[in-house]
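The structure under discussion appears below in the form of structure tokens.
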Amino acid sequence: MSDSTSIFSVAKRANCSIATVSNVINGKGRVGANTRKTVLKAVRELGYQPNSMGRSLRMRRTETLGLLFYPSCAQIFRNPFYAEVMEGLEETLLNTGYHLLLAGYEASVRSSEVPDFVQRGKVDGMILMGAFPGKIIHSFCELSTPLVLLDSNAEWPVDSVVSDGFSAEVKIVSHLVENGHKEIVMLAYNMEDYNIDLRIKGFLAGLEKNGLRANASSVIHHALAHEEIYTCLKARLNSPNPPTAIVTVNDTLAIVTEEWLKKDGFRVPDQISIVGYDDDPFSANANPPLSTVRVNKKKLGEAGADLVLKRIETPDRPIAKLALPTELVIRKSVRNLAAR
């Protein structure tokens, strides 16, 4: 069956124009959500397969996007956070006919900071995910290849999408203060990471907003290893003004910290409260269930895919830096001291 006949059949089944079918398949134009669903349903029912080779030649595109993770792909498969982000990313690209080339950064570079497949134009656009150092991001920004930072940001003019960690941390501190906590400390990793910096800024802003001290001792982020971070926390717990609540930069650090606190005889939340970030699946099953910040990870992936596709279609469109809203999830790891 020829392209024209096939697309005509899809248009007839979906009761729309051939142009609308083409826009849906190619991810172009403004098509309503209901119309898009109807077209995609017709495509599936008829088993329509666009002639991607011919279309790629006409559009001078590879219909492939590159996804690099720093430093390697291992975390994508081990970390439930990235698994959900990938789900949203892949579903969006599948509906627009794009393929995804996944690679770990360290395994994809040799003599240059930018992989050969990017420099040779083997992909139509690039998505960088993970804690990429600024130097590497800058190297990609100097290329003409459409680029999006997924779950990250940078000072340079490049599209990006993150969760609104600043506002989330302000909400966390306000919640703790409402529950009678005045001595609060934040735990974070000592690494170059936009999200960590954003959440620390939000935490400090939350302290100031609620009339609490915000100084260098408010955040423990002098180490990268969990054990070293906990050692620093123990010093604070043994100080004259020990914290009654701990805020961590992600759920993994929260759960590890909670386990070590229990081993040292602390009762959570009776003696010390703890709040995480991300709302990973294991958080609700912790003992006690972890209060945290829910990030719509699938939406994060969908937004990243949408940004890079829009950049491919309109290279000179204004730079978009999105901060997706979050939700504070209250469980049982925070004690209400005000109820004493």
(request) Would you indicate whether the side-chain heavy atoms of Met126 and Phe117 approach each other to under 4.5 Å? (result) yes
(message) Is it the case that over 12 heavy atoms from other parts of the model lie below 6.0 angstrom from the CG atom of Asp264?
(response) yes
(request) Check whether any side-chain heavy atom of Leu309 lies under 4.5 Å from a side-chain heavy atom of Leu65, and answer yes or no. (result) yes
(message) Looking at every heavy atom in both Asp251 and Asp278, which two are closest together, and how far apart are they?
(response) OD2-C, 3.7 Å
(message) Is there a side-chain contact between Ile255 and Glu259 in this structure, where contact means two heavy atoms from C-beta onward sitting under 4.5 Å apart?
(response) yes
(message) Under the criterion side-chain hydrogen bond (donor to acceptor under 3.5 Å, both in side chains), I'd like the reasoning laid out for Tyr194 against Ser160: C-alpha separation, chi angles, the key distance, then a yes or no.
(response) CA-CA 11 Å; Tyr194 174 83; Ser160 63; over 6 Å; no
(request) Measure across Arg199 and Gly165 and return the closest heavy-atom pair with its distance rounded to 0.1 Å. (result) CG-CA, 4.0 Å
(request) Report yes if some heavy atom in the side chain of His221 is under 4.5 Å from a heavy atom in the side chain of Ile196; otherwise report no. (result) no
(message) For Glu227, is the CD atom crowded, meaning more than 12 foreign heavy atoms sit under 6.0 Å from it?
(response) no
(request) Count the heavy atoms of every other residue, nucleotide or ligand shown that sit under 6.0 Å from NZ of Lys262, and state whether that count exceeds 12. (result) yes
(request) Over all heavy atoms of both residues, which pair between Thr64 and Tyr98 is shortest? Give the atoms and the distance, please. (result) N-CD2, 3.6 Å
(request) Please work out whether the ring planes of Tyr70 and Tyr105 are parallel, tilted or perpendicular, with thresholds of 30° and 60°. (result) tilted
(request) Could you tell me whether Glu90 and Lys298 make a salt bridge, using a distance below 4.0 angstrom between a side-chain N and a carboxylate O? (result) no
(message) Between Leu237 and Phe266, is there a side-chain heavy-atom distance shorter than 4.5 Å?
(response) yes
(request) Kindly compute the distance separating OH (Tyr82) from CG (Leu89), expressed to the nearest 0.5 Å. (result) 13.0 Å
(request) Supply the atom-to-atom distance Thr257 OG1 to Lys234 NZ, rounded to the nearest 0.5 angstrom. (result) 12.5 Å
(message) Suppose we call two aromatic rings close when their centres sit under 6.0 Å apart. Are Tyr189 and His226 close by that rule?
(response) yes
(request) State plainly whether one hydrophobic cluster holds both Leu233 and Leu204, where clusters connect Ile, Leu, Val, Met, Phe, Trp and Tyr through side-chain heavy atoms under 4.5 angstrom apart. (result) yes
(message) Does Asn190 have more than 12 heavy atoms from other residues, nucleotides or ligands lying within 6.0 Å of its CG?
(response) yes
(request) Taking only Lys NZ, Arg NE, NH1 and NH2, and the carboxylate oxygens of Asp or Glu, determine whether Asp279 and Arg331 approach each other closer than 4.0 Å. (result) yes
(request) Could you verify whether a donor N or O on one side chain and an acceptor N or O on the other, from Thr252 and Asn250, lie under 3.5 Å apart? (result) no
(message) Under 4.5 Å between side-chain heavy atoms, counting indirect links through other Ile/Leu/Val/Met/Phe/Trp/Tyr residues: same cluster for Met129 and Val162 or not?
(response) no
(request) Carefully, step by step, assess Glu183 and Arg213 under the rule salt bridge (Lys or Arg N to Asp or Glu O under 4.0 Å). (result) CA-CA 9 Å; Glu183 295 294 335; Arg213 297 190 307 274; 3.4 Å; yes
(request) Measure the shortest side-chain to side-chain distance between Lys122 and Pro115 over non-hydrogen atoms and say whether it is less than 4.5 angstrom. (result) no
(message) For the NZ atom on Lys332, are there more than 12 heavy atoms of other groups (residues, nucleotides or ligands in this structure) within a distance under 6.0 Å?
(response) no
(message) Please report the interatomic distance CD(Glu155) to SG(Cys141), rounded to the nearest 0.5 Å.
(response) 9.5 Å
(request) Answer yes or no: is there a side-chain heavy-atom contact under 4.5 Å between Val43 and Val24? (result) no
(message) So, taking the atom named NZ in Lys297 and the one named CZ in Phe81, what distance separates them when rounded to the nearest 0.5 Å?
(response) 6.5 Å
(message) If you define the side chain from C-beta out and look only at heavy atoms, does anything of Leu328 sit under 4.5 Å from Ile330?
(response) yes
